[in-house]
Protein chains: 2
Amino acid sequence: MSERGDPKKIVVPGAAFLMSQVGVHSGQIWRERMKKLGLDSRHVVLLRLVSVEEGRSQLALGTQMRLPPSRMVAFVDELEDLGLLERRPNPDDRRIRALHLTDRGREILNTVMKISADHETELTKGLSEAERVQLVGLLGKVATAQGLAPGVHPGVAFQPPNSAG
Amino acid sequence: MSERGDPKKIVVPGAAFLMSQVGVHSGQIWRERMKKLGLDSRHVVLLRLVSVEEGRSQLALGTQMRLPPSRMVAFVDELEDLGLLERRPNPDDRRIRALHLTDRGREILNTVMKISADHETELTKGLSEAERVQLVGLLGKVATAQGLAPGVHPGVAFQPPNSAG
DNA sequence: TATTGTTATACTCTATAACTATA
DNA sequence: TATAGTTATAGAGTATAACAATA
């Protein structure tokens, strides 16, 4: 256990609790909005990854999302049923299912980005713009010090209630 | 959808994503440490609630934690097996199981507070003390504006992956 | 008749492993 | 023999509802 700082000076709840409290709240209302689009958070992450580079295999994307192949099948099935994603054959290796966005998938992703921008506005409505920028700066420092990769959310993979994550 | 702000100025990831990213990370490593004590996060919340006011019924505490009675039975069983909590009869109403901490329960709760204080230090190691205080202030403003009750974490109750929370 | 706590049960979501087809 | 994707299956965790004891 670290010995930095004076325990008496640390008020609970402190920054760690507040970040968790507000952060979980942020995720909850964001997922609520995604659900209204018929999407799970992992659907959105998958769509975004495909949009960055189309044609990758299910296994490659599953590895990046830390999802086992059997789960990937289900999520890709669902997105294909929704008409947002396509499995295409790879001529070089017929085992591989190359994933591509449909036009509708691109539209939805656009909608998701608009909703996320609005989510940002709603969540920071208690702050001035200067304060919001300040908050982003401080959180960025924390994220960097914690070794969190930019844009990579640690809560994508499933976490059983009693897990460590 | 809100129309406040200029969408072009909102960079993604912004404050909302960062709060969720860092907040979930905070919760993950905190739960990891609790698990080393043999505790689930809900065990800890329950112990804390009992310590605030001993002798309350399972139903009262379950309502506060938004857990159904059947889940409360399981968690109280587990804490009783660990020797941290006691079910005592209520002479006025023999249906009620009054919950009390054991001495060992109080010790563990003390350990939990020490670990949480250390967790705070570790999580904010990228910040100066002034910055940490600033961050607490900004997050407090956000929490208030979002209507979050102080000290009440929104992630205590179970949330299925596809839920809105 | 209503309420507290317990037990029984069905459901959702998950990871593992067996399997098919390609390589 | 190894790899990409699929299907089958068993387990963990949950909420609902039936239940027993007490009010």
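Numbered from 1 within each chain, the chains take letters A, B, ... in sequence-line order.
In this structure, of D:dT6, C:dT16, C:dT4, it is C:dT16 that holds the atom nearest to the side chain of A:Ser70. With distances taken from any side-chain atom of A:Gln58 to the nucleotides D:dT14, D:dT6, C:dT4, the minimum falls on D:dT6.
In this structure, B:Ala98 and A:Pro91 both approach DNA chain C, and ranking their closest nucleotides by distance from the 5' end singles out B:Ala98. Remark on DNA chain C: of its neighbouring residues A:Arg95 and A:Arg42, the 5'-side contact belongs to A:Arg42, judged by nearest-heavy-atom nucleotide.
Note: CG (A:Asp40) to P (C:dC13) measures 9 Å, nearest angstrom. One interatomic measurement links the two molecules: CG of A:Asp77 to C1' of C:dT14, which rounds to 16 Å at whole-angstrom precision. The separation between A:Leu59 atom CG and D:dT6 atom C1' is 12 Å, rounded to whole Å. Between B:Ile96 atom CD1 and C:dT4 atom P there is a gap of 7 Å when expressed in whole angstrom units. A straight line from CE of A:Met72 to P of D:dA4 spans 13 Å, rounded to a whole angstrom. If you measure from atom CZ of B:Phe158 to atom P of D:dA15, you get 7 Å, rounded to the nearest angstrom. In this structure, B:Leu67 atom CG and D:dT16 atom C1' are separated by 15 Å, rounded to whole Å. If you take CG of B:Asp93 and P of C:dG5, they are 8 Å apart, rounded to a whole angstrom.
With respect to the salt-bridge test (charged N to carboxylate O, under 4.0 angstrom), the residues A:Asp40 and A:Arg31 do not qualify. Classification of B:Glu54 and B:Arg106 as a salt-bridged pair holds, one side-chain N sitting under 4.0 Å from a carboxylate O.
Within the 4.0 angstrom heavy-atom criterion, only backbone atoms of the sugar-phosphate kind lie near A:Arg87; the bases stay farther away. Counting non-hydrogen atoms under 4.0 angstrom, A:Ser57 reaches the backbone sugars and phosphates but no base.
Phosphate proximity of D:dA12 to B:Arg71: absent, as no side-chain N or O sits under 4.0 Å from OP1 or OP2.
Listed for the A:Glu120 side chain is a donor-acceptor partner under 3.5 Å among the backbone atoms of B:Ala15.
Summarising the geometry, atom OG belonging to A:Ser20 is positioned 11.0 Å from atom CG belonging to B:Leu139; distances are rounded to the nearest 0.5 Å.
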Counting only pairs under 3.5 Å, give me each side-chain donor-acceptor contact of residues 60-72 of chain A, with atom names and distances, residues two or more places apart or in other chains.
residue : atom : partner : partner atom : Å
A:Thr63 : OG1  : A:Leu59 : O            : 2.8
A:Gln64 : OE1  : A:Arg56 : NH1          : 2.9
A:Gln64 : OE1  : A:Arg56 : NH2          : 3.0

